[in-house]
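Have a look at the structure below, then the notes.
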There are 2 protein chains.
Amino acid sequence: MAGRPRDDRARNVILRRAADIASQDGLEGLSIGRLATDLGVSKSGLFGYFGSKEELQLATIRTATGIYLDEVIQPALTVPPGLGRVRRLCENWLSYSQRRVFPGGCFFFAVTAEFDARPGRVRDAVAAASLDWSRLVTRTIDDARQLGELADDTDADQLAFELIAFLETANARSLLHDDPNAYERGRTAIRKHLDAATADPGNTA
Amino acid sequence: MAGRPRDDRARNVILRRAADIASQDGLEGLSIGRLATDLGVSKSGLFGYFGSKEELQLATIRTATGIYLDEVIQPALTVPPGLGRVRRLCENWLSYSQRRVFPGGCFFFAVTAEFDARPGRVRDAVAAASLDWSRLVTRTIDDARQLGELADDTDADQLAFELIAFLETANARSLLHDDPNAYERGRTAIRKHLDAATADPGNTA
DNA sequence: CCTACCGATCGGTAGG
DNA sequence: CCTACCGATCGGTAGG
C-alpha cells in the first residue's frame, strides 16, 4: 500500500499544498491541473498518486486531520484533564485559526459548508472528522465536570455545542471581515461561558 | 434599467432557482449552462439577462437578501422592540433554516465559507449582507437593553456575536449530520443566554 | 432569445 | 512520471 519513502515525502508535499488550496478555494476548486502546475510536475504524474479526484480530496482531508491533531489536539493533551484542558483546547483552536496554519482559516470550516449538502464519500469524511472533534470537546468538558471543576448539572454536549459555535464564528468573522477583534470576541465568549459553568452552588445561570 | 414586467418575472424565476442551487453547490457551482438546462431556456438567452457570471452571482445574492428580509427580518418587526423581538428574530432564523427555505440551508452560510478567502465583488457583497444582519441583531439587543429588559451592562455587540454563533452552528450541524436535535441545541443555547442577560441585579454571570 | 461556435480548462487515459 | 490526447463542460461571443 505505502510507496517508497521518497514517494511518501512527495505525496506529503502534494497534500500539504492541496490542503492550503482547499482551505481557500474549496475541495472542488482544488484542480489536479492547477496543483500540478503549482508544484512543477506533470498532471498525469500527480494524478498517478491518487487515481481520481475524489481520492485526492479524501487524502487531503486525512492530511488536514493530521495537521489539526498536531496543532490543536496533541498540545492540549499535555495539560492534565479538567477545566484547564478545556481552555487550552479552545485557545489552541483560536490560535490555529488566527495564525492561518491554513491560509483560508480552518480547513474543516471551509469544506464543511462546501460539502454539507452534497452526499458522497467526501461529505461522509468531513462529517466523521467533525463528529470526532465534537466528541473530544464533549469528553474533555465531562472530565472537568467529573473532577468537580464544572457544575454537576453541566450538560457537556450542550456546552460543547456552544464553545464550538464561538470558535467557528470567530474564524468566519475574521476571514469575511478581516476583523482582528473577532478572536477577542470568541475568547470573551468562551471565558464568560466557562466561568458561568464553573462549580458554584449559588449559580443559577 | 428595469425591463418589461415579463422580463422581470422571468428574471425572478431564474434568480430564485439560482439561489437554490447556490445554497447547495455554491456560487461557483452555479453554472450558466446548468441553470439554463434546468429552466428549459438557451444558455445565451439566460446569459443575456446578466452579461457575466459575476453579475449573475451578485444578482443571486440580492435575490437571497430579499427572501431573507421576508422570512427572517420583516416578521420580527411586527413584534414591538424589546426582548420579545430579539427572541422572535432568532426563532425566525432557526425556522428559516429548518424549513429549508433554501434547500442547502442558510444561503449566506453557504456562500460565506465559499468566498471569505476570495477577494472581489462577490465577497464584498456577502460581507456587506453579513454586516447588515449583524448590526440589526446588535441594534435589536440594544433596544431591549435600553427598555430595561436586558441588564444595563449588556454588551450588545458581544451578545449578538454569541447568538449568531448559535444560529449558524445549528444550521451547519443540521446539514452536515442530518441531526434533528441541532435546532433544539440552538434554541436551548439562545434561551439560556438571554435568560442570563435579563435585567437582574443579583445575576453575576 | 435562438443555434452554433470560440478558447480554456476540467477529470481522466493511452502509450511509452 | 512524461507527452499527447480524449470528451465534456466552462464562460462568453457571433450572427441572425
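Chain naming here is simple, since letters A, B, ... match the order of the sequence lines and numbering starts at 1 in each. Values below: every heavy atom of this structure, side chains too, minus hydrogens, waters and symmetry copies.
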| Qualifying salt bridge (charged side-chain N to carboxylate O under 4.0 Å, His left out) pairs with a residue from residues 117-131 of chain A, counting only residues at least two apart or across chains | A:E28-A:R118, A:E54-A:R121, A:E55-A:R121, A:R118-B:D25, A:R123-B:D178
| query | side-chain contact (heavy atoms from CB on, under 4.5 Å) with B:F47: which residues, sequence neighbours excluded? | reply | B:I32
| request: Can you tell me which stems involve DNA chain C, if a stem is defined as three or more consecutive Watson-Crick or G-U wobble pairs, both distances under 3.5 Å? | output: C:1-16 with D:1-16
| query | salt bridge (charged side-chain N to carboxylate O under 4.0 Å, His left out): which pairs involve residues 62-71 of chain B, sequence neighbours left out? | reply | B:E71-B:R99
Counting only pairs under 3.5 Å, give me each side-chain donor-acceptor contact of residues 72-81 of chain B, with atom names and distances, residues two or more places apart or in other chains.
from: B:T78; atom 1: OG1; to: B:P75; atom 2: O; distance (Å): 2.7

| remark: Sequence neighbours excluded, the answer for side chain to side chain donor-acceptor pair (under 3.5 Å) partners of B:N12 is none
| request: Name all pairs fulfilling the ring pair (Phe, Tyr, Trp, His ring centres under 6.0 Å) condition that reach into residues 140-175 of chain B, sequence neighbours left out, sorted by first residue then second. | output: A:F166-B:F166, B:F166-B:H193
| field | ring pair (Phe, Tyr, Trp, His ring centres under 6.0 Å) involving A:Y96 - partner list, sequence neighbours excluded | value | A:Y68, A:W93
| note | In 5'-to-3' order, the base (B), backbone-only (S) or no-contact (-) status of each nucleotide in nucleotides 9-16 of chain C, using a 4.0 angstrom heavy-atom cut-off, is -SBBB---
